[in-house]
Amino acid sequence: MRISSYAVARPAYYDRNALSLMVNATAAAVAPHAFTTRVTQTCPAGTKYLWEYAYVSIERNTAAGVSGTIYTIDRVVNAAATDLVSIIATGAAYPTVGGINYISTACAVSVYPGEQIQGLTRDDSTGGTVTYVIGNKLTEYSA
Amino acid sequence: MAYLRPGQVVRGDEALASSFAIRRYGGPTRVVVTTRSIGTTVSHVLRNNPDRVAYRIYNRSTNSIDLSFSSDVTTGAGIPLPASTGIAEADVEIEGELVIQEVHGIASGAASSLLVVEVERV
């Protein structure tokens, strides 16, 4: 007796109930602060994310008294919240009013159920305000 | 002394497939299509049939099914027929007299449907 199967290959991820997600945050004219989470996105059970594009930018709106390091971080935290990896980040002093610094990258980061994407900002300056923009493009699909 | 019956000779006015079957199987054949419902206890998928020349069994259920030529088959220990997509087949030209034997089956879930297609000599 011969055994065979007419099973078809599993569809690619983008054909498995795919959903396009934009995980964005803007914090406009913000005074100096400690690490502050601006946006989060947790991968739900039964799905996965493909993190395709990340973008962070800062623009100094008003001058600082003492210019300090400004951080904008896009990172993924594991499901147990015990470890993390920064995918993209800025970290430098930007004393010039009107100056814009941005970084973007295409990426192919797999995010699994329970893992969380986080966008954070921090400004070590004294005085002055900065506008932060965090942008992410993900594809959610059936795990 | 072997007898040559009229049905074993190609007359020339049959359909192409019929004349092919007569030559291949020594006489005309017919196709029998049935559905079996197999449960979690052993039951027949096919009965012994000395006139059968070929068969194909399709597992249309969402449960896995184990096949065997004996009635003591247990789940996970027989010839595996995967859920939803499994096909088991036998032809006298390949499997010889195995195609005549009865086939037993046991499923991992109740009321598992099998589509059975047999070709038998008439």
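Reminder, nothing fancy here: chain letters follow the sequence lines and each chain counts from 1.
Relative to the six-membered ring of Y141(A), R16(A) misses at least one condition, a distance below 6.0 Å or an angle of at most 45° to the axis.
With respect to the salt-bridge test (charged N to carboxylate O, under 4.0 angstrom), the residues E118(B) and R30(B) do not qualify. Using a cutoff of 4.0 Å between basic side-chain nitrogens and carboxylate oxygens, K48(A) and E140(A) are not scored as salt-bridged.
For D91(B), the parts lying under 4.5 angstrom from a heavy atom of chain A are both the backbone and the side chain. E95(B) touches chain A through its side chain: at least one heavy atom from C-beta onward sits under 4.5 Å away, while N, CA, C and O do not.
Around atom CZ of R60(B), no more than 12 heavy atoms belonging to other residues, nucleotides or ligands sit under 6.0 Å away. A 6.0 Å sphere centred on OH of Y53(A) holds more than 12 heavy atoms belonging to other residues, nucleotides or ligands.
R121(B) places no side-chain N or O within donor-acceptor distance of the main-chain N or O of P50(B), the cut-off being under 3.5 Å. Of the possible polar contacts, none joining the S20(A) side chain to the T139(A) backbone as a donor-acceptor pair under 3.5 Å is found.
In terms of heavy-atom pairs under 4.5 angstrom with chain A, the leader among A88(B), P80(B), G86(B) is A88(B).
Contacts of residues 97-105 of chain B with chain A at a heavy-atom distance below 4.5 Å involve L98(B), V103(B), listed in sequence order.
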